Every structure is written in C-alpha cells, then in structure tokens.
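Only a predicted model underlies this, so the values are computations on that prediction, with no experimental measurement involved. Counting begins at 1 with the first residue of the sequence.
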Amino acid sequence: MLAVASSGGAVYRRLLRYSVPHWRVFLVAVFGMVLFAAVDVTFIRLIQPLTDGSFVEGDSRIIRWAPWAILGLFILRGVAGFLSQYGMAWVSQKVVVKLRTNVFEHLLRLPVSHHDQTRNADLLVKLTYHAHQVADSATGVLTAMIKDGLTIFGLLWVMVFMSWKLTLIVLGVAPFVAFSVRYVNRRFKLINRRLQESMGGVTHVADEAITGRRVVKIYGGEAHETARFRSVSEFIRRQNLKLVASSSGTNGVVQLIAAVAVALIVYLAISGNMLRVASPGTFVAFMGAMLAIRSPLNALTGISERLTRGLVAAADLFAFLDTPAESAGGTRPLERARGAIRFEDVYFHYGTDGEAALNGITLEVQPGQTVAFVGRSGSGKSTLLSLLPRFYDPSRGRVRLDDHDLRDYRLTDLRRQIALVDQNVVLFNASVADNIAYG
C-alpha cells in the first residue's frame, strides 16, 4: 500500500507541473474557492444572531440589515463561484491541450518498431480518453479539495463555537467514514485500470471493422464483428456499473452514518439540559452547520473515484512519454547524397526470437542505377528497403551510403535524401495539391 501511495503521489506531482505555467489564473481560481467557502461559512454563522435577534428578541436593527446582508453574501458567492469554476476550467483545458500535444509529438518521435508492437487504437485512446481523465484529476479534484475542504473546516469551526460537546459526537463517526472511503478507493483503482485497458479494445475492434470493411462484406463477417464489438462494450458496461455501485454504496453508507449522528444529537438536545443553556439560534446554527457539511463531505468522498481514475490514466500517459524516442542518428551531416548504397552481410530479426527476415544479404547499388526487388510475399523486400531510411537497423551487418554507415549520418539529413511511395496508400485530409506536395 505504501508503494502504491508513493507512486500515486509522484504521478500527481508530475501532473501538477502542467498547471504551473498558468499559476496566475490558478491563484485567481483559488481565491474564488476561498471566498466561496468563506461566504458559505459566514452565512451559517449568521443564523444564530439572525434567529435570536429577529425571531426571539425582535431586534429592529437586525431586522433592517439582515435582508441586505443575505443579498450581499449571495452576490459575493456568485462572483466567487464564477471565478473558481471558470478559472479552473481554463487551466484544465490548457493542461489537456499541452498533454495531448506532448503525447502526439512523442508518438511521432517513436521508432517504427514501437508502432509494430502497439495497436493504433491504444494510441488514440491515450490522446482522447486518458488525456480527459488526467485533466479532471489535475484541476477538478484540486478544486474539490480546496473549496470543499475549506468549507468543511469552516463549518467545523462554527460547530465547535456553538457547542464543542456536540461536535465531539459528530467527529466520533469520522473513523467509520474514513474506513468506507479507504475500502472503496482500492476497488476504484482496480476497476478503473480495467476500464482504461478495455477502452482501447473498443476502438481497436471498430477500427479493424471499418478499415477491413471490404473483407468483412465479401466474407459475410458482419455478425462476427458485431459480436466482437458487443462483447467489448458489454465488458465496459459491467465495469461502469461496478463503479456506480461502489460510489453509490459509499455515499449511502456515509449518509446513514451522518443520519445516526443527527438523530443522536437531536435526541440529546431535546431530552437533556442543552436547551436551558443554549439559545434557539445556537441550536439552529449548529444543526445548519452539521447538515451543510454533508454536501462538501460527499464531494470529498467522491474525489477518491475521480482521483484514482485520473492517476491510473496519468501513470499510463507518463509511461508512454517515458518510452525512449527514436535516435537522432549520428553527427555526420549530409547535404546531397551521391547514391552509392551497399548492404554488407545484413541480418535482421523482428523481435528477439523467430526466423530471420533477412539472412546475410550483401549487394551494391550504384548511383543512378535502377533496381527492382522481386519475390514472393514475406520474402523480405519491404524489410530490406526499410533499412535505408532507418525505420529499422540491422541486427547484424551494416548498410553504407556513400562509403559511410547509415548510423553515422544525422537522421533528418538521411531521410531528406529519400522519397517513399508506399504499398499502403495514405491520403491526408487535405487537397490533392497538398498531398502531392507533402514531401
């Protein structure tokens, strides 16, 4: 458990660094949260003088200023709510854009061998679903912690001020709430990990069916593909229902514990001697604070689900961002190649085991010479040519260009010498002229 907590803390600290460049807006939002909590606490605190002064004592001064005070407090509350919500949403969207851009840039820098081992659907899920979950964890959870945390602290102060004895009774139920939240938090983490892994499965099944729609139609595979998609979607449905059941169950337990505390306090207040020493306003203010504390307390218990979901997604994204990018190559510049190519005893394996795709290939191509590689499918033609732009490096042997190993050249300079007409045609979402001029 300590290792998990430590890991989660490190992930969250790294995540918060994405918010640091926007600290000015962040501070404005935090100010709004503090002001929002202060207004709520002030309103509860005013219940006591308002009740005693107007309803019990009939003080004309309080009757005159009370409506204006209430109106002013709610105007201030509205301004504070706007500052906190808009400010944190602004920061959140900035974090989403920055994180998605970083993931996309890193995706483009990864070697081809990494893409061979990773489904495209999993990469798309990182850019969409995971980035959104992370942003909610980076800012939304922080909003709840600051605003609701301060509100709870202020309302507890009001309760202690009104009656410290009754406050001790309320605090006696805190361990039961903490135990419930801790148990559910572990379950949230497990379910969220399953959910995020399965999201890539949905995209992958749909992508395969759409990309291979001609094959699906010619062989009548519609029912089979529908069954695959339904199976993955059904798994996600079950996991989401488990999340809702766990969250709802926790809220129900917390509500029940709170109801027991309220019932006990009302019983003690009515049957004991409290009403002899406390004014009606004091009791009403205490009950108001105790009931008002339920809403921020429920919000804080719900943080565990959002935080866990965000941290699981963030850990996945950061693991992806920490994947080594493609090497920049050597240091030798290459302005214009003559085109003398030589393969020297080249071997190549996909992965660490299995049969060699290239087995001791040696050949030479002179500048200006036109060469065609002909052979059956899977004989290594594409693999051999993929060594030239260094999509892969030989497992053994070397490839030379103008008497220098390809690995000696800067990768960008090397690829500037090569044009590619791939067997898998790719058209970008642009005009015909833009596609032709892409290179």
Side-chain angles (χ1 to χ4, degrees), residues 5-46 69-105 130-158 160-161 181 185 289 292-315 317-318 321:
S6 174
S7 174
V11 169
Y12 198 73
R13 284 192 297 272
R14 182 173 176 181
L15 185 56
L16 286 179
R17 288 203 288 270
Y18 282 84
S19 304
V20 171
H22 318 296
W23 63 271
R24 291 180 180 85
V25 179
F26 182 79
L27 286 182
V28 171
V30 170
F31 171 75
M33 295 178 217
V34 174
L35 189 59
F36 190 94
V39 170
D40 277 1
V41 173
T42 302
F43 181 76
I44 296 295
R45 175 65 184 88
L46 287 177
I70 293 173
L71 181 62
L73 283 174
F74 274 87
I75 291 175
L76 196 59
R77 190 178 189 268
V79 173
F82 175 81
L83 289 177
S84 62
Q85 292 177 19
Y86 184 82
M88 291 306 286
W90 191 91
V91 174
S92 174
Q93 292 305 310
K94 284 288 187 180
V95 170
V96 169
V97 171
K98 179 66 175 176
L99 193 56
R100 280 179 175 160
T101 303
N102 284 357
V103 171
F104 185 75
E105 288 177 343
H130 287 191
H132 174 74
Q133 298 299 327
V134 166
D136 182 58
S137 179
T139 54
V141 170
L142 204 58
T143 300
M145 290 177 65
I146 296 174
K147 186 170 69 176
D148 295 321
L150 287 174
T151 302
I152 289 173
F153 179 80
L155 292 175
L156 281 175
W157 174 81
V158 172
V160 171
F161 183 80
V181 172
N185 187 44
I293 211 171
R294 290 169 54 195
S295 178
L297 186 62
N298 286 339
L300 283 182
T301 56
I303 278 181
S304 130
E305 177 190 353
R306 296 167 64 188
L307 181 61
T308 302
R309 185 187 299 136
L311 290 181
V312 171
L317 287 183
F318 291 146
L321 290 172

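- Looking at every heavy atom in both residues, V158 comes nearest to A289 through CG1-CB, 4.1 Å.
- Taking the ring-ring contact (aromatic ring centres under 6.0 Å, His included) definition, one finds that F74 meets it with F43, sequence neighbours left out.
- N102 has its side chain within reach of Y18: a pair of non-hydrogen atoms, C-beta onward, lies under 4.5 Å apart.
- Atom CG of L71 and atom CD1 of I75 lie 4.0 Å apart (nearest 0.5 Å).
- The side chain to side chain donor-acceptor pair (under 3.5 Å) analysis of residues 22-39, with sequence neighbours excluded, yields no pairs.
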Show every donor-acceptor pair shorter than 3.5 Å between a side-chain atom in residues 78-86 and any protein atom, with sequence neighbours excluded, or say none if there are none.
from	atom 1	to	atom 2	distance (Å)
S84	OG	A80	O	3.2
S84	OG	G81	O	3.0

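- Judged as a side-chain contact (heavy atoms from CB on, under 4.5 Å), and not counting sequence neighbours, the contacts of L150 are V34, A37, I146.
- When all heavy atoms are compared, the tightest approach of A292 to I44 is CB-CD1, 4.1 Å.
- The distance between the ring centers of W157 and F161 falls below 6.0 angstrom.
- For A29, the side-chain contact (heavy atoms from CB on, under 4.5 Å) partners two or more places apart in sequence, or in a different chain, are M33, M88.
- For V25, the side-chain contact (heavy atoms from CB on, under 4.5 Å) test picks out W90, V91, with sequence neighbours left out.
- In this structure, K147 is positioned above the aromatic face of F36, its NZ or CZ under 6.0 Å from the six-membered ring centre and within 45° of the axis.
- Atom-to-atom distance recorded for I293:CD1 and D148:CG is 10.5 Å, nearest 0.5 angstrom.
- A38 is linked by a side-chain contact (heavy atoms from CB on, under 4.5 Å) to nothing, counting only residues two or more places apart in sequence or in another chain.
- The minimum heavy-atom distance linking V39 with L73 is given by the pair CG1-O, 3.3 Å.
- Qualifying ring-ring contact (aromatic ring centres under 6.0 Å, His included) partners for F318, counting only residues two or more places apart in sequence or in other chains: none.
- Between the CG atom of L311 and the CG atom of L15 there is a distance of 7.5 Å, given to the nearest 0.5 Å.
- Contacts of R77 classified as side chain to side chain donor-acceptor pair (under 3.5 Å), with partners at least two apart in sequence or in another chain: D40.
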